**Student:** 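Let me begin by handing over the structure; questions about it come next.
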Amino acid sequence: MHSEDLRQELARAARSFQERGWMLGTAGNLSARVSDAAFWITASGRPKELLTLDDFVSVNLQGEVLAAPADRKPSAETAIHRVIYGHVPEARVIFHVHSIEANLCGHFARNGQLRLPPLEMLKGLGVPDAEPEVDLPVFANHHNVARIAEDMDAAFAQSLPRVPGALIHQHGVTAWGQDLLTARHHLELLEYCFRYLVQAKTIGVQV
Ligand SMILES: CSCCC(=O)C(=O)COP(=O)(O)O
Ligand SMILES: [Zn+2]
């Protein structure tokens, strides 16, 4: 796929996530690898429902800006995308969004792990088990994004998450996939799990 098309597809995804309430007030960031060495990432602070080709910055895996439109800086959370691309070779697209449910679910985590509900839909996250016991890693939020990226780097060097995502407490989820559609499905499935967990808690269902 031509790299310009990738930016248009990322902009379309951002608009739909914003309409779902996951990218309000410029929150979140999206990226896609254009080669083994470089990726497009959303420019920092841009309204995610109005992204144009000028709202993307080309960055290499060392974090150096290769190309940026005037007055555009790469997402403040670029380091997190770099860590994921560095550790997960099959990750070609990364979506980071801020939903209310994800932020509530951070409070259900124990020892840095959120147990996902044992739903059939986990198959879409690559978990075929009959009775799945699967955790999503939850990282502490830090004002200094580099610290979040360092924590993630250290954790992923030990072991990769079983599902293609990670939650940052009081911040939002990041999901990835081998292409745009797969990353989108992974994000939707994780957000479905978050909604399920919040609603189960609300009506007193033990998960
Ligand atoms: C208003 S959201 C605060 C920053 C953040 O968490 C985020 O996802 C957006 O940062 P960016 O620099 O990518 O716009
Ligand atoms: Zn964020």
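Not measured: the values here are computed from a predicted model. Counting starts at 1 for both ligands and their atoms, in listed order.
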**Student:** Please confirm whether Arg46 comes under 4.0 Å of ligand 1, counting heavy atoms of the residue only.
**Tutor:** no
**Student:** Pick one: which of Leu10, Asp55, Leu51 meets side chain to side chain contact (heavy atoms under 4.5 Å, CB included) with Thr42?
**Tutor:** Leu51
**Student:** More than 12 heavy atoms of other residues, nucleotides or ligands under 6.0 Å from CD of Gln62: is that the case?
**Tutor:** yes
**Student:** Is the ring pair Tyr192/Tyr196 parallel, tilted or perpendicular, if the boundaries are 30 and 60 degrees?
**Tutor:**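 The arrangement is parallel - the two ring planes meet at less than 30°.
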**Student:** Considering the heavy atoms of Gly28, write down every atom of ligand 1 situated less than 4.0 Å from one of them.
**Tutor:** 7 (C), 8 (O), 9 (C), 13 (O)
**Student:** Which single N/O/S atom of His171 lies at minimum distance from the Zn ion (ligand 2)?
**Tutor:**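 In His171, the heteroatom (N, O or S) nearest the Zn ion (ligand 2) is NE2.
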**Student:** Considering only NZ, NE, NH1 and NH2 on the basic side and carboxylate oxygens on the acidic side, decide whether Arg184 and Glu188 come within less than 4.0 Å.
**Tutor:**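 Counted as a salt bridge, because a side-chain N and a carboxylate O are separated by less than 4.0 Å.
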**Student:** What residue and atom, counting heavy atoms only, is the protein's closest point to atom 12 (O) of ligand 1, and at what distance?
**Tutor:**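 Its nearest protein heavy-atom neighbour is Ser44 OG, 2.6 Å.
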**Student:** Does the ring pair (Phe, Tyr, Trp, His ring centres under 6.0 Å) test come out yes or no for His171 and His96, once each step is laid out?
**Tutor:** CA-CA 10 Å; His171 184 158; His96 163 66; 4.9 Å; yes
**Student:** Does a sphere of radius 6.0 Å around CZ in Arg147 hold more than 12 heavy atoms from other residues, nucleotides or ligands, not counting ones at 6.0 Å or beyond?
**Tutor:** no
**Student:** For His171, counting its heavy atoms only, list the atoms of ligand 1 lying under 4.0 Å from any of them.
**Tutor:** 6 (O)
**Student:** State the atoms of ligand 1, each with its element, that fall below the 4.0 Å cut-off from a heavy-atom position in Ala27.
**Tutor:**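 Every atom of ligand 1 under 4.0 Å from some heavy atom of Ala27: 2 (S).
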**Student:** Quick check on the hydrophobic clustering: are Val88 and Phe39 connected, directly or via other members, by side-chain heavy-atom contacts under 4.5 Å?
**Tutor:** yes
**Student:** Do ligand 1 and Gly25 have nitrogen or oxygen atoms that lie under 3.5 Å from each other?
**Tutor:**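 Between Gly25 and ligand 1, no N or O pair is found under 3.5 Å apart.
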**Student:** Name the one of Val65, Leu30, Thr78 that satisfies side chain to side chain contact (heavy atoms under 4.5 Å, CB included) with Ile41?
**Tutor:** Thr78
**Student:** Taking the Zn ion (ligand 2) as the vertex, what is the angle from OE1 of Glu77 to NE2 of His98, given to 10 degrees?
**Tutor:**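 Between OE1 of Glu77 and NE2 of His98, the angle at the Zn ion (ligand 2) is about 160°.
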**Student:** If you have a sec, work out which protein heavy atom is nearest atom 10 (O) of ligand 1 and how many Å separate them, to one decimal?
**Tutor:** Asn29 ND2, 3.8 Å
**Student:** Relative to the heavy atoms of Glu77, which atoms of ligand 1 are at a distance of less than 4.0 Å?
**Tutor:** 5 (C), 6 (O), 7 (C), 8 (O)
**Student:** For His98, counting its heavy atoms only, list the atoms of ligand 1 lying under 4.0 Å from any of them.
**Tutor:**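 Taking each heavy atom of His98 in turn, ligand 1 has 2 (S), 5 (C), 6 (O), 7 (C), 8 (O) under 4.0 Å.
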**Student:** Answer yes or no for His81: is there a heavy-atom contact with ligand 1 below 4.0 Å?
**Tutor:** no
**Student:** Looking at Lys48, which atoms of ligand 1 are within less than 4.0 Å of one of its heavy atoms?
**Tutor:** 14 (O)
**Student:** Counting from 1, what ligand 1 atoms have a heavy atom of His96 closer than 4.0 Å?
**Tutor:** 8 (O)
**Student:** Which of the numbered atoms in ligand 1 are under 4.0 angstrom from any heavy atom belonging to Ser75?
**Tutor:**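 Listed by number with element: 11 (P), 12 (O), 13 (O).
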**Student:** Phe194 and side chain to side chain contact (heavy atoms under 4.5 Å, CB included): which single residue from Leu136, Leu104, Asn103 fits?
**Tutor:**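 The passing option is Leu136.
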**Student:** Tell me which protein heavy atom sits closest to atom 14 (O) of ligand 1, plus the residue, atom name and distance to 0.1 Å.
**Tutor:** Gly45 N, 2.7 Å
**Student:** Keeping the roles fixed (side chain from Lys73, backbone from Asp71), state whether a donor-acceptor pair exists under 3.5 Å.
**Tutor:** no
